[in-house]
Q: 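Below are the structure tokens for one structure; questions will follow.
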Amino acid sequence: MARRLPKTENDAADRPPYYIATEALYLDGSQFNRAHNPGDRVPADHVEAYGWADKVRHPDDTPKQPPAAAHNEPETAVGQATTDKKGDA
């Protein structure tokens, strides 16, 4: 794959080595080919090659929205799905 060169020297100086994904990024538009998750570092060459310019932000920019809450904790209260009774479940 041929490497694209910046149009001018200023473009090369302004381009960071990576961008930050603002949403899930997919290869070829397929939901089964996820390349990056929100918040991941995305190489600048990949942003150009796959057309993700509108789905990433510059690493120095502050996010427009706060990051979504992590989905590694249950949405229910602690212990809601348990019982105090002894015996077979």
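Predicted, not measured: the structure shown is a model, and the values here were computed from it.
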Q: To the nearest 0.5 angstrom, please state how far the OG1 atom of Thr22 sits from the CZ atom of Arg57.
A: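 Reported to 0.5 Å precision, the distance equals 8.5 Å.
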Q: Between Asn37 and Ala21, what is the shortest heavy-atom contact and its length?
A: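 That would be O-CB, 3.5 Å.
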Q: Find out whether Arg15 and Glu48 are in side-chain contact, i.e. whether some heavy atom of one side chain is under 4.5 Å from a heavy atom of the other.
A: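 Yes - at least one pair of side-chain heavy atoms lies under 4.5 Å apart.
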Q: So how far is it from Tyr50 OH to Tyr26 OH, rounded to the nearest 0.5 Å?
A: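 So the gap between those two atoms works out to 16.0 Å.
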Q: Check for me, please, whether Tyr18 and Trp52 land in the same ILVMFWY cluster - side-chain distances under 4.5 Å, paths through other members count.
A: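 Per the 4.5 Å side-chain linkage, Tyr18 and Trp52 are not co-clustered.
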Q: Is His36 close to Pro43 at the side-chain level, that is, under 4.5 Å between some pair of heavy atoms?
A: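 Heavy-atom side-chain distance check passes, below 4.5 Å.
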Q: Kindly say whether Ser30 contributes a backbone atom to a donor-acceptor pair with the side chain of Asn33 at under 3.5 angstrom?
A: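 Such a contact is absent between Asn33 side chain and Ser30 backbone.
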Q: Is the closest side-chain heavy-atom distance between Arg34 and Leu25 below 4.5 Å?
A: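 The answer is no, as the side chains (C-beta and beyond) never meet within the 4.5 Å cut-off.
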Q: Work out which heavy atom in Pro16 is nearest to a heavy atom in Ala44; give both atom names and the distance.
A: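 Minimum heavy-atom contact is O-CB, 3.4 Å.
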